[in-house]
2 protein chains.
Amino acid sequence: MTLSPPSGRGLKPATIRDVARLAGVAPGTVSNVLTGRKLVAEPLRKAVLAAVAELDYRPNHLASSLRFGRTQSIGIVVPDLTNPFFSSFVQEIESLAAADRFQILLMSSQEDPEGEVDRIKALLARQVDGLIIAASRDDVAYGENSTFGGTPAVLVDRAFGAESFDTVATDNEAACRTGTAHLLELGHRDIAFLATDERLTNIKQRTAGYRQALADAGLPGRERIVYGGLTIETCRAAIEQELRRADRPTAIFASAYVATLGAAKAIRATDLAFPDDVSLLGFDDSDWMTVLRPYVSTIQQPIDHLANTAWRLLMRRIEQPTAAPLHEIVPCSLRPRESIRRLA
Amino acid sequence: MTLSPPSGRGLKPATIRDVARLAGVAPGTVSNVLTGRKLVAEPLRKAVLAAVAELDYRPNHLASSLRFGRTQSIGIVVPDLTNPFFSSFVQEIESLAAADRFQILLMSSQEDPEGEVDRIKALLARQVDGLIIAASRDDVAYGENSTFGGTPAVLVDRAFGAESFDTVATDNEAACRTGTAHLLELGHRDIAFLATDERLTNIKQRTAGYRQALADAGLPGRERIVYGGLTIETCRAAIEQELRRADRPTAIFASAYVATLGAAKAIRATDLAFPDDVSLLGFDDSDWMTVLRPYVSTIQQPIDHLANTAWRLLMRRIEQPTAAPLHEIVPCSLRPRESIRRLA
DNA sequence: GTGAAAGCGCTAACAA
DNA sequence: TTGTTAGCGCTTTCAC
C-alpha cells in the first residue's frame, strides 16, 4: 500500500501537453486524434488514446473555444420559467441543442426588462454562438442597430420591434380570431377579452384577432378588453372587477397562460362557476387542464414546432450570418373542451 | 456620406489591446481599471473608460476565465423541466446565481440516466465552477470516488448514494409520516401510497414515512404501495388498476408531482370523484391546485428554501473545497385543502 | 503524416 | 502606480 495518489489522479488535471509527452507525440497530433479534423496514422492514434485513458484526460473546452472562435453554446432568455409555456420551450430547445452538441446558458428575466439587457450582455461576454430570446419588452433592441454585436439571435414569441432579426411566433391574430369566433358560434355576445400587457407585440396581435372576429360578426361595438398585467394575481383582480358588474360578460377569453389561471381564480372568487355562470376560453395548454373537471378549453400553441423552428433559424443564421432575416409563423389550434357553455 | 463603417464598428470586436493602444496605456492597466482588482490613477482611468466607450469594448469572458481559472458559471442538472418543482427550483437558482454574478448552464436529462452522465461530462469540460444536480438515478456517481474530477457539486432532492457530496433535500420521511397520519386522523384505514420509482432515495424515504405512520397507528398490515413510474401516464395506469378493484382504497397518497396528476386522472377515468368517492393527498404545489375545485390537499416542499440552501452549500464548497460535506434537510408542510373527506 | 511554434484575449508576475 | 512579459490550454499554420 502506498500513500502516493493513484496514477492519473494528480492535483492538476492533465493537459494536452501531458498526453502528448506520455504518448511521445506533439500536442497538435493529440488534437488531431481527438477532434478528428486531420488523419493520424494508426499506431500514433492508439498511443494517444492510451495516454488519454491513462491520464483521464478531458479537453478543456474553454481553451478550445478561445482558440477555435466558437463555444458551441447558445444563450436562451425567457421572461418566466414557472410559466409552463416557457419551461416546455426551454426543455425542447435544450434537447435540440444537446443533439447538436450545443449547451445552453439560461436566463430567466422574471419579466424585468432592466435586468434583461444586463443579462444579455453577460451572455454575449461569454461568447455564446447565438441567442434565443423571448424578450420581456418589445424594445429589447440591444445597441443601435439591434445586432447584439454581431451575435446571431432569433426572437421568439414576442418582441418583434426589430425587423432585422429572425423571428418565430405563433399566428396570434388568427388564433384569437378563431377563439372568439368559437365563442360567438356558441351564442356568446358579451365576451370579455383578458389580455396581459398591451405593450407586447403578441398581445397586440391577439387583441387584434379578437377585434377582427367581432367586426366580422358585425358586432364591433361589443369590444370589452381588460388588461390584467403579467401575473396571475393582477389578472385575477382585473377580471374579477368585470365579473362583479351587473352587466358581467357571459364569457371570458383569457389570452395568455397567467390570464387563464387568473380568470379561473376570479370566477371562483366571485362564487360563480364555469361553464354554468360564465364560460372560459384559455390560452396555452398544461397537464392540469385535462385533469380536473371541467376540462379547460384553450388555444394551444405548438411548442415543439416553435422550438424546432427557432433552432433551425438559429443554426442557419450561424452558418450564414448575412442571410436575409426570416419571419416564421406557426399556427395554433383550438382545443374545445368543457369550459364553454352553449347559450340559448 | 462615407462608405466606411462608423467608428468602433469594425468587423472584429475590439480587444483589450485595442483599448490599451487608444488610451495610451498597457493592457494590464485596462484590466485593472475594468476588474477593479488594482487601483489606477484617475487620469488614466478616465482615458481607459473613454477608450472602452469609444470602441464599444466588451471583455471576452472566455479568455478571462482561461487565464483566471474560474468561469463564474455553474451547471445545473434536472430530470424534467416541465415538472413545476424543478422549473421553479431552476428559476430560484438562476436568480441567486445572477445576484452573485454567476451564470448557469442548464441540462434537462429528461429522466434518462445514460444521457445524464454524458451531459455532466460536457458541463465539466466547460470548466464550470460547480454543479447542482437533481440526478435521475442514485448511481449518478461520476468517476470512482464520485468527485466529478474535483469540481464542487451539491446533490439536490434525490440521489444521495455518495456521502462525500454536500446534499440538500426535504424531510421526505417526516413529510409522508405527517401526510399519512393526516389521512389516518380523518378516518382512512385503506390508503394506497402511489410512488414513482423505488430506486430513488427520496422515494424510498417517502415510502418509509408512510410505513412508519401505519406502524405508529398499529396498522402495519394495511400497507398498499403502488409504483407508477416517472410519468403522469404510467402513474395513472398503475393507480387506476387499484381503483378498479372491489376493495379499492378510500384514499390515495400521491407522493410526487406526476403521481398527483396521475391519480387525479385515474379518479376521473374510473368515473369516481374526489373527495366523495376517494380522497386524494398530493405532493408538491402548483398554481392550479388552488384554482379548480376541489382544491388539492398536498405536501408542499419549500422550493426557495431548498434553492437557497443549495446555493449556499455550493458557494461554501467553492471557497473551501476540502470542508467536510454537509447534509441539509429542510421541512415540508402539509397544506390541507378540499380533496380529503372525513370518514365516519 | 508529423512536429515546432505562434497566438486566441486575458491577467498575474515581476520590473521599472 | 504603470509597463513588460509570460502563459492559461488549445488549435492551426507552416515547414519537414
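What you see is a predicted model, and the numbers here were worked out from it, not measured in a lab. To find a chain, count down the sequence lines: A is the first, B the second, and so on, and within it residues start at 1.
- The one candidate from Ile303(A), Asn83(A), Asp304(A), Asp157(A) that meets the side chain to side chain contact (heavy atoms under 4.5 Å, CB included) condition with Phe89(A) is Ile303(A).
- Within 4.0 Å (heavy atoms only), Thr35(A) reaches sugar-phosphate atoms of the nucleic acid but no base atom.
- The shortest distance between side-chain heavy atoms of Arg126(B) and Thr71(B) does not fall below 4.5 Å.
- The side chain of Leu66(B) lies closest to dG9(D), out of dG9(D), dA12(C), dT11(D).
- Proximity of Ser64(B) to the phosphate of dT11(C): a side-chain N or O atom is located under 4.0 Å from OP1 or OP2.
- At whole-Å resolution of the value, CZ in Arg45(B) and P in dT2(D) are 11 Å apart.
- Following rounding to the nearest Å, Arg21(B) (CZ) and dC10(C) (P) show an atom-to-atom distance of 12 Å.
- For Phe102(A), the ring pair (Phe, Tyr, Trp, His ring centres under 6.0 Å) partners at least two apart in sequence or on another chain are Trp311(A).
- The salt bridge (charged side-chain N to carboxylate O under 4.0 Å, His left out) test applied to Arg119(A) returns Glu94(B), not counting sequence neighbours.
- Residues Glu116(A) and Ser136(A) bring a donor and an acceptor atom of their side chains to less than 3.5 Å of each other.
- The interatomic distance linking Asn60(B) (CG) with dC8(C) (P) rounds to 12 Å, in whole Å.
- Contact between the side-chain N/O atoms of Ser31(B) and the OP1/OP2 oxygens of dT11(C) is found at a separation under 4.0 Å.
- The end-to-end axis angle of the helix from dG1(C)-dC16(D) to dA16(C)-dT1(D), rounded to 10 degrees and based on five pairs per end, is 40°.
- Among residues two or more places apart in sequence or in another chain, the side-chain contact (heavy atoms from CB on, under 4.5 Å) test is passed with Arg37(B) by Thr35(B), Phe68(B).
- Put simply, the side chain of Val77(B) reaches to within 4.5 Å of the side chain of Ile120(B), judged on heavy atoms.
- Between Arg37(B) atom CZ and dA13(C) atom P there is a gap of 11 Å when expressed in whole angstrom units.
- dC10(D) atom P lies 9 Å from atom CG of Asp18(A), rounded to whole Å.
- Atom CD of Gln127(B) is separated from atom P of dC10(D) by 8 Å (rounded to the nearest Å).
- Atom pair Lys12(A):NZ and dG7(D):C1' shows a separation of 12 Å (rounding to whole Å applied).
- Taking Glu114(A) as the reference, nothing meets the salt bridge (charged side-chain N to carboxylate O under 4.0 Å, His left out) condition, with sequence neighbours excluded.
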Report each atom pair, protein N/O against N/O of nucleotides 2-4 of chain C, whose distance is under 3.5 angstrom.
from   : atom 1 : to       : atom 2 : distance (Å)
dT2(C) : OP2    : Ala41(A) : N      : 2.7
dG3(C) : OP2    : Ala26(A) : N      : 3.1
dG3(C) : OP2    : Thr29(A) : OG1    : 2.8

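- Between Gln72(A) and Arg101(A), some side-chain heavy-atom pair lies under the 4.5 Å cut-off.
- Rounded to whole angstrom, the span from the OH atom of Tyr57(B) across to the P atom of dT11(C) amounts to 6 Å.
- Which of dT11(C), dA6(C), dG9(C) sits closest to the side chain of Arg67(A) comes down to dA6(C).
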